[in-house]
Amino acid sequence: MTTLRAVKGMNDVLPEALPRWRRVEAAFRAITARHGYAEVRTPIVEPTQLFIRSIGEATDIVEKEMYTFVDKGDDMLTLRPEGTASAVRAYIEHAVHGREPISKWSYLGPMFRRERPARGRYRQFWQAGVECFGDGGPFVDAEMIDMVVTLLGELGVQDLEVLVNSLGSGDTRDRYREALTAHLAPHRDRLSEDSQRRLASNPLRILDSKSPADQELCAGAPDLVDFLGPEDRAHFEGLQGALRALGTPFRVAPRLVRGLDYYSRTLFEVQGRGGELGAQNTLCGGGRYDGLVRTLGGPDVPSIGFAMGIERILLLTGGADTAPTVDVAVAVADASLREEALVLLRDLRAAGLVADGDLRGGSLKSQLRRAADKLGARAVLVLGPAESERGVVQLKDLAAHSQSEIPRAEVVLRVQALVRESK
RNA sequence: GUGGCCGUAGCUCAGUCGGUAGAGCAUCGGAUUGUGGCUCCGAGUGUCGCGGGUUCGAUCCCCGUCGGUCACCCCA
C-alpha cells in the first residue's frame, strides 16, 4: 500500500517496448528531415501565462487540464499541455524571423494534461509535431497534411481519414459565432446540458457534440464556409486543389472545430479507424495560426503546424516487443575464470562487438541457456580451466551447432568474421 | 469531471454456493562429474489492489479508496 507508483495517467516505457517507439520516432524524424524541418527543443515548463494567452482562457485545456504550480521564486509555471505555444515563444524570443523568411521546426516530447485517463489518452503523453513559420499560402498546408498521411502510411497505418475545414480569419469566426448562437439560442432548452453551458462559453464546440439532439439542432445551423471572406475562401480552395493535385484523400468537415483558440483558416485532423483506438481516434491534429506570433508579441508571421500522438499511433502500429540481442556471449566453466572473461568481454566490445555474459558464477548450462534464449547470441565463447592453460577458448556457433577451439589471440577476429557472415 | 465494468502468483487466467487458493507461461535447479534451443523431473513465490463493515470466520457479501477500462466530456 505504501509502495510508490507512477503518477496516475503517466506511464513507464520499459526497454522491451522501446524499439516500437523508436521506429515511430525514426520515421517521424526521417520524413520531417526530408521536408526540411529541423528539430527544436524547448523547456517542458513554461510561464503559465504563455498558455493562457495562446491556447485561450476559455478552452478546456486552460480551464481545467493544466498542471500549474508556483515555484519557490513565486513564479507561476505550467507543464506544457502542447507544443506550439513554446515553439512560438522561442521563435519570438530569438528573433528568428529576422534571420530567415521561413522557419521549419519539428519537435518530439512529452506533454501534460490532467484529464481522465483512458486508452490512448494519458496525462503525460508524447507528441511529435512541426511548425512552419513564414509561409501563409495554402500549399504548405497541403504539403503538411500530405506529409502526415505519408508518414502514417510508412508506419503501416492505412485506414485513416483526413478532415479539413477552414475557420476563416479576422472576425469571420466572431461573426459566425454570433450567427450560430442566434440560431441555437431559441432552442436552448433542447440542447444537452454540456451544450447549454457551451452556448455562452464556446458555441462552436456544440457543432461536434455527439449528442443526437445537439446534432439535430445543428443540422439547420448556418455553415461556417458561408462566412468566409474572399481571401479565406481562396485559401481554402487552394488547399483543396493542392491536396487533389497530390492525390491525398480528404474530406471537408464543416463541423470540424478544434479546442484551441489560436487557429485561423486551415484546420485539419487525421483520424484512425482501428478498433484498438477506442474513442480517442484522433491521431493527429493541426492547423494554421496566422495571428498567434503577433498575439504573443512577435511580428505578423503566418504559421501552421500539427502534432500527432505517439501513443495512439503505437496502438495501431502494433508489433511485438523485442529484446535486444548480442553478437557474442562469454561463458565460464569455472568461477575462477571470471576475471579472464571480464577482460575478454572488454576486448570484444572494444572491437565494436555487442558482447555480454553472465558473470554471476552460475552453472555453465544456465549461462548457455541465457546466451541462446535470452541474449539471442550468435556465438558463445566458453572459457575453461584446461583451455585457459593452453591459451585457447571454445568458440561455439549457436546457429550451426558447431564448436571449435581457437587461440585466445585470434578470438576477436574470429568472432568478427562469424558475426559479419551471419549479418 | 460524470456514469458503467473490472482488480487472484512476474504474465494470462481458473476457483472458493463465505471456512485464508490453483493451472499454463515465465524463472530457477536437475536428467554420467564443463555445454543452449526439444523432452522429462523438481522448486519457489501470492498480506486474492488497499482500508473499513457484516459474520464464529471473507479472497468471495456491503461501503469507501486506489488503479485499470468503456462511454460521455475533451483531445494527441
Side-chain angles (χ1 to χ4, degrees), chain A residues 1-3 5-11 14 16 55 59-65 81-84 108-129 148 192-195 197-198 202 205-206 208-212 214 256-260 269-272 275 277-286 306-315 321 329 331-337 358 360 362-388 394-403:
Chain A
M1 182 54 192
T2 50
T3 52
R5 323 178 27 117
V7 173
K8 176 175 177 150
M10 304 201 183
N11 305 116
L14 295 179
E16 55 266 34
I55 297 169
T59 58
D60 281 10
I61 292 178
V62 169
E63 262 180 7
K64 49 199 186 196
E65 297 175 359
E82 57 105 42
T84 298
L108 174 62
M111 306 295 163
F112 304 83
R113 291 183 203 171
R114 199 179 183 294
E115 299 178 86
R116 177 118 165 200
R119 168 172 285 249
R121 185 174 64 193
Y122 308 101
R123 290 181 172 182
Q124 174 177 329
F125 60 101
W126 286 65
Q127 280 190 339
V148 174
S192 68
E193 205 176 308
D194 283 320
S195 289
R197 185 174 44 74
R198 283 186 292 222
N202 200 345
R205 297 229 57 88
I206 300 175
D208 57 8
S209 165
K210 282 172 192 161
S211 148
D214 292 353
L256 177 65
V257 175
R258 301 188 56 74
L260 292 77
E269 189 167 301
V270 179
Q271 297 182 346
L277 279 176
Q280 281 67 49
N281 66 344
T282 301
L283 299 176
C284 165
F306 77 82
M308 56 184 219
I310 308 277
E311 286 91 342
R312 290 187 187 175
I313 287 163
L314 251 13
L315 286 173
D321 289 349
V332 292
D334 188 277
S336 66
L337 294 161
D358 182 350
R360 289 176 304 179
S363 71
L364 181 56
K365 187 194 198 85
S366 67
Q367 292 178 60
L368 285 170
R369 185 166 16 213
R370 183 175 145 83
D373 301 349
K374 180 103 190 198
L375 302 178
R378 171 61 209 261
V380 181
L381 291 163
V382 182
L383 310 189
E387 288 87 342
S388 178
Q394 298 290 342
L395 171 59
K396 190 174 175 63
D397 183 332
L398 287 170
H401 307 275
S402 62
Q403 182 168 326

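Computation of the quantities below employed the complete heavy-atom set of this structure, encompassing side-chain atoms and omitting hydrogens, waters and symmetry-equivalent molecules.
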Requested in this report: Would you sketch RNA chain B in dot-bracket for me? Only Watson-Crick or G-U wobble pairs with both distances under 3.5 Å count, crossing pairs as [ ], other-strand pairs as |, the rest as dots.
Outcome: (((((((..((((........)))).(((((.......))))).....(((((.......))))))))))))....

**Report entry** Pairwise 5' ranking along RNA chain B for A:A307 and A:P117, keeping only the more 5' one
**Finding:**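 Its nearest nucleotide lies further toward 5', so the answer is A:P117.
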
Query raised in the report: When the nearest nucleotide of RNA chain B is assigned to A:K8 and to A:W126 on a heavy-atom basis, which residue is associated with the more 5' position?
Result: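 Going by which nucleotide is closer to the 5' end, it is A:K8.
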
Contact class for [X] (heavy atom, under 4.0 Å): base, sugar-phosphate, or nothing?
{"X": "A:A371", "value": "nothing"}
{"X": "A:G129", "value": "nothing"}
{"X": "A:L337", "value": "nothing"}
{"X": "A:I310", "value": "nothing"}
{"X": "A:R370", "value": "nothing"}
{"X": "A:G9", "value": "sugar-phosphate"}

Atom [atom1], compared across [N] and [M]: separation rounded to whole Å:
{"N": "B:C61", "M": "B:C48", "atom1": "P", "value": "15 Å"}
{"N": "B:G7", "M": "B:G49", "atom1": "P", "value": "8 Å"}
{"N": "B:G29", "M": "B:C13", "atom1": "C1'", "value": "27 Å"}
{"N": "B:A23", "M": "B:A14", "atom1": "P", "value": "16 Å"}
{"N": "B:U39", "M": "B:C72", "atom1": "P", "value": "46 Å"}
{"N": "B:A58", "M": "B:G15", "atom1": "C1'", "value": "15 Å"}
{"N": "B:U65", "M": "B:C28", "atom1": "P", "value": "42 Å"}
{"N": "B:G57", "M": "B:G1", "atom1": "P", "value": "37 Å"}

Do you know the tightest heavy-atom contact between [X] and [Y]?
{"X": "A:L315", "Y": "A:G120", "answer": "CD1-CA, 4.0 Å"}
{"X": "A:A333", "Y": "A:G384", "answer": "CB-CA, 4.1 Å"}
{"X": "A:A329", "Y": "A:A371", "answer": "CB-CB, 3.6 Å"}

Query raised in the report: Which residues satisfy the side chain to side chain contact (heavy atoms under 4.5 Å, CB included) test with A:A307, sequence neighbours excluded?
Result: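 Only A:Y107, A:Q127 meet the side chain to side chain contact (heavy atoms under 4.5 Å, CB included) criterion with A:A307.
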
Query - Non-neighbouring partners of A:S366 that pass side chain to side chain contact (heavy atoms under 4.5 Å, CB included), sequence neighbours left out - result: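 A:S366 satisfies side chain to side chain contact (heavy atoms under 4.5 Å, CB included) with A:S363 only.
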
Atom pair distance, as rounded to whole Å: [atom1] in [X] and [atom2] in [N]:
{"X": "A:L398", "N": "B:C38", "atom1": "CG", "atom2": "P", "value": "14 Å"}
{"X": "A:E63", "N": "B:C75", "atom1": "CD", "atom2": "P", "value": "11 Å"}
{"X": "A:M308", "N": "B:C75", "atom1": "CE", "atom2": "C1'", "value": "16 Å"}
{"X": "A:Q271", "N": "B:C75", "atom1": "CD", "atom2": "C1'", "value": "11 Å"}
{"X": "A:N281", "N": "B:C75", "atom1": "CG", "atom2": "C1'", "value": "10 Å"}
{"X": "A:D358", "N": "B:G36", "atom1": "CG", "atom2": "C1'", "value": "14 Å"}
{"X": "A:L14", "N": "B:C11", "atom1": "CG", "atom2": "C1'", "value": "13 Å"}
{"X": "A:R121", "N": "B:U69", "atom1": "CZ", "atom2": "C1'", "value": "12 Å"}

Report task. Side chain of A:S363 only, please: which of B:G29, B:G36, B:G1 is the nearest? Result ->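 Per side-chain heavy atoms of A:S363, the pick is B:G29.
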
Query raised in the report: Can you tell which of B:C70, B:C75, B:G1 lies closest to the side chain of A:R312?
Result: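 The nucleotide sitting nearest to the side chain is B:C75.
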
Results of side-chain hydrogen bond (donor to acceptor under 3.5 Å, both in side chains) for [X] - residues two or more places apart only:
{"X": "A:D358", "result": "A:R360"}
{"X": "A:Q403", "result": "A:Q394"}
{"X": "A:N11", "result": "none"}

Report task. Just jot down the salt bridge (Lys or Arg N to Asp or Glu O under 4.0 Å) partners of A:D334, sequence neighbours excluded, or say none. Result ->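 A:D334: no salt bridge (Lys or Arg N to Asp or Glu O under 4.0 Å) contacts found.
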
Report task. Identify, with sequence neighbours excluded, every residue that meets salt bridge (Lys or Arg N to Asp or Glu O under 4.0 Å) alongside A:E269. Result ->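 A:E269 satisfies salt bridge (Lys or Arg N to Asp or Glu O under 4.0 Å) with A:R258 only.
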
Report task. Examine the base of B:G29 for any acceptor or donor lying under 3.5 Å from a partner atom in the side chain of A:R369, and report the outcome as yes or no. Result ->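 Between B:G29 and A:R369, which were checked side chain against base, a qualifying N/O pair under 3.5 Å is absent.
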
Query raised in the report: Between the side-chain atoms of A:R116 and the base atoms of B:C72, is any donor-acceptor pair under 3.5 Å?
Result: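 Counting by modelled atom types and ignoring angles, no donor-acceptor contact under 3.5 Å is found here.
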
Query raised in the report: Do any N or O atoms from the side chain of A:R121 and from the backbone of A:E115 form a donor-acceptor pair under 3.5 angstrom?
Result: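 It does not hold such a pair.
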
Report task. May I ask you to decide if A:Q124's main-chain N or O and A:R113's side chain share a donor-acceptor pair within less than 3.5 Å? Result ->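 Not a single qualifying donor-acceptor pair exists.
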
Detail all sub-3.5 Å separations between protein N/O atoms and N/O atoms belonging to nucleotides 33-35 of chain B.
residue: B:G34; atom: O6; partner: A:A386; partner atom: N; Å: 3.4
residue: B:G34; atom: O6; partner: A:E387; partner atom: OE1; Å: 3.2
residue: B:G34; atom: N1; partner: A:E387; partner atom: OE1; Å: 2.8
residue: B:G34; atom: N1; partner: A:E387; partner atom: OE2; Å: 3.1
residue: B:G34; atom: N2; partner: A:E387; partner atom: OE2; Å: 3.1
residue: B:U35; atom: O2; partner: A:K396; partner atom: NZ; Å: 3.3
residue: B:U35; atom: O2; partner: A:Q403; partner atom: OE1; Å: 3.3
residue: B:U35; atom: N3; partner: A:Q403; partner atom: OE1; Å: 3.1
residue: B:U35; atom: N3; partner: A:Q403; partner atom: NE2; Å: 3.1
residue: B:U35; atom: O4; partner: A:Q403; partner atom: NE2; Å: 3.0

